[in-house]
Number of protein chains: 2
Amino acid sequence: MPKRVDVRERRTLIADALMRVAAAQGLEAVSVRHVAAAAGVSVGMVQHYFRTRDEMMVFALDVVRDRNQARVTAALSALGPDPQPRAMLRTLLVTVLPLDEQSRADGLVALAFLAYTAVRPAGVKSDDTAQMLGFIASLLPDPDAAVGVLALMEGLGMYVLGGQYTAEQALKALDAQLDLLF
Amino acid sequence: MPKRVDVRERRTLIADALMRVAAAQGLEAVSVRHVAAAAGVSVGMVQHYFRTRDEMMVFALDVVRDRNQARVTAALSALGPDPQPRAMLRTLLVTVLPLDEQSRADGLVALAFLAYTAVRPAGVKSDDTAQMLGFIASLLPDPDAAVGVLALMEGLGMYVLGGQYTAEQALKALDAQLDLLF
DNA sequence: GTTTTTGCAATACGATCGTATTGTCAAGCG
DNA sequence: CGCTTGACAATACGATCGTATTGCAAAAAC
C-alpha cells in the first residue's frame, strides 16, 4: 500500500472548496471540475473521494451542519457556568444568524442546499430541527413558544442574507421578541 | 405580418411550464429544452420569446411575485369593508404561508429563486419587502414589531416548506404571536 | 400579386457536464 | 526483490447545455 491518507481530511478539503464555489457563484456552478479547480486538485482526486457529485454535495451539507453545531456549542460553553436561560437563548440565536462574513457564507450555502434538498424526495434530511426545538423550549418560560422563536430566527437570517435587513434590525427584532417572552 | 399573438400570454405560458419544472425537480432542472417540453412547444419558440435563459428566469420570477401579490390583494378585499387591523394582518400572513398545494408549489419556486438571486450581484431584486414592511407596520400597535412579524412569517413558511412544521403548528405559532402583539 | 415581416421549427455548434476507464507512481508486505 | 494495492492523474465518452443560424409558412401591407 502507498501512503495512507486521512480520508476525512481530504474530503473536508474538497467540501471547503465546494462551499467557496457555492457561496461565490451558487450551487449551479458547483461542478466536479470547478470544485477540483477551487481546491487546487485534479478531477481524478475528487472522484477518488466521492464517487458521484451527489455524494460530494451530501457530504458538504453535513460539514455545514457540523460547523454550525460546533459554533453554537462553542458560543454556549463560552458563557461560563450556569448562565441564565435568556442569555443562553440569545447566544444561540445570535450565533446562528449570519452576521459576520464567515457565517454569512455558510448561510448562503445552507440556503442553496435548502432549495436543493427541498426537491430531493430521498430526504437526507436529519431532524436537527426537532432537537433544536426541544432545546429552545427548555429555555423558555412558555415551551410552546419555541416554534415561533425558531421560525423568527430563520426568517431573520433569511432577510439578513438577502440584504433586506441589516444586522442591527435583526438583533433589535430578536431582542424585542425576547422581551415579550421573558 | 402574420397572425399577431399576445406576447405576454405566450411568455406566461412558458413561465408556467418553467415553474412546474422547478417545483418538481428544482431550478437545476430548468433548461430551455425541459421547459419547452413541459410547455409542449418547441425550443425555437422559447427562444423566440426569451432571448436567453436568464431572461426567461427573470420573467418567471416576476410572475411568481405578481401572483403572490394578487393572492394577498384578493384575500384582503374578501374581508369586506373596514376590517380590523388584526384580522387584516392575519389574513395577509396566512395567505403568504404555503399551506395549500398551489401556494406550496409557488413557495418552492420562490425559495429556489431566492437562492438563485442571492448570488446574482446584478440585483433584479425589487424592494417589495420594504413595501410589505410598511403595510404590516401600519396594522400593528407597535410599528417597530413589523420587522419581526415579517421574519416570523418567512421562517414559518420555510419550515412548512421543508416539512419540519405542520400547517397547524405554523398557524398556532402565528396566532400566539398576534396574541402577544395585540 | 408581390413583398415584407412575424411566428415559429429544425438543426447545428461549441462548451461543459458527470462519470467510466486506464495508466502510473509510491509505499508497505512477504 | 518482486508484488500488491491505495492514491492519484489523464483522458475519453456520451449526454446535455445555452445559443446562433437557417428556413419556411402565413398573414398583413402595398
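In what follows, every chain begins at residue 1, and chains take the letters A, B, ... in the order their sequences are listed. Computed from heavy atoms alone, side chains included, the values below leave out hydrogens, waters and symmetry copies.
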Please tabulate, for the side chains in residues 81-89 of chain A, all donor-acceptor contacts under 3.5 angstrom to protein atoms that are two or more places apart in sequence or on a different chain.
unit_1	atom_1	unit_2	atom_2	d
A/Arg86	NH1	A/Asp179	OD1	3.1
A/Arg86	NH2	A/Asp179	OD1	2.8

Pair up each side-chain donor or acceptor in residues 133-161 of chain A with any protein partner under 3.5 Å, not counting sequence neighbours, and list the distances.
unit_1	atom_1	unit_2	atom_2	d
A/Ser138	OG	A/Phe135	O	2.6
A/Asp142	OD1	A/Asp144	N	3.1
A/Glu154	OE1	B/Tyr159	OH	3.0
A/Tyr159	OH	B/Glu154	OE1	3.0

With B/Arg90, which residues qualify under salt bridge (Lys or Arg N to Asp or Glu O under 4.0 Å), at least two apart?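 Salt bridge (Lys or Arg N to Asp or Glu O under 4.0 Å) check on B/Arg90 returns B/Asp175.
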Residues forming a salt bridge (Lys or Arg N to Asp or Glu O under 4.0 Å) with A/Arg51, sequence neighbours excluded: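 With sequence neighbours excluded, A/Arg51 shows a salt bridge (Lys or Arg N to Asp or Glu O under 4.0 Å) to A/Glu55, given in chain and number order.
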For residues 27-42 of chain B, which side-chain N or O atoms pair as donor and acceptor with protein atoms under 3.5 Å away, sequence neighbours left out?
unit_1	atom_1	unit_2	atom_2	d
B/Glu28	OE2	A/Arg53	NH2	3.0
B/Ser31	OG	B/His34	N	3.1
B/His34	ND1	B/Ala29	O	2.9
B/Ser42	OG	B/Gly44	N	3.4
B/Ser42	OG	B/Met45	N	3.1

Any pair counted as ring pair (Phe, Tyr, Trp, His ring centres under 6.0 Å), so long as it reaches residues 53-108 of chain A, sequence neighbours left out: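 The answer is A/Phe50-A/Phe59.
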Validation: residues 95-103 of chain A side-chain donor-acceptor distances under 3.5 Å, sequence neighbours left out:
unit_1	atom_1	unit_2	atom_2	d
A/Thr95	OG1	A/Thr91	O	2.5
A/Asp100	OD1	A/Gln102	N	3.3
A/Asp100	OD1	A/Ser103	N	2.7
A/Asp100	OD1	A/Ser103	OG	2.8
A/Gln102	NE2	A/Asp106	OD1	3.2
A/Ser103	OG	A/Leu99	N	3.3
A/Ser103	OG	A/Asp100	O	3.4

Which of residues 16-27 of chain B have a heavy atom under 4.0 Å from DNA chain C?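 None - not one residue of the stretch has a heavy atom sitting under 4.0 Å from the strand.
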For residues 43-52 of chain A, which residues have at least one heavy atom under 4.0 Å from DNA chain C?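 Correct list: A/Gln47, A/Thr52.
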Across the strands shown, which category fits B/Val7 at heavy-atom distances under 4.0 angstrom: base, sugar-phosphate, nothing?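 The answer is nothing, as B/Val7 stays clear of every strand by at least 4.0 Å.
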Partners passing ring-ring contact (aromatic ring centres under 6.0 Å, His included) against A/Tyr49 (at least two apart in sequence or in another chain):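 Checked A/Tyr49 against ring-ring contact (aromatic ring centres under 6.0 Å, His included); zero matches.
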Give me the bend of the helix from C/dG1-D/dC30 to C/dT24-D/dA7, using the axes of the five pairs at each end, rounded to 10°.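 Here the helix ends are tilted 0° relative to one another.
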Got a sec? Which of residues 31-39 of chain A come in under 4.0 Å of DNA chain D, heavy atoms?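 Going residue by residue through residues 31-39 of chain A, none turns out to have a heavy atom under 4.0 Å of DNA chain D.
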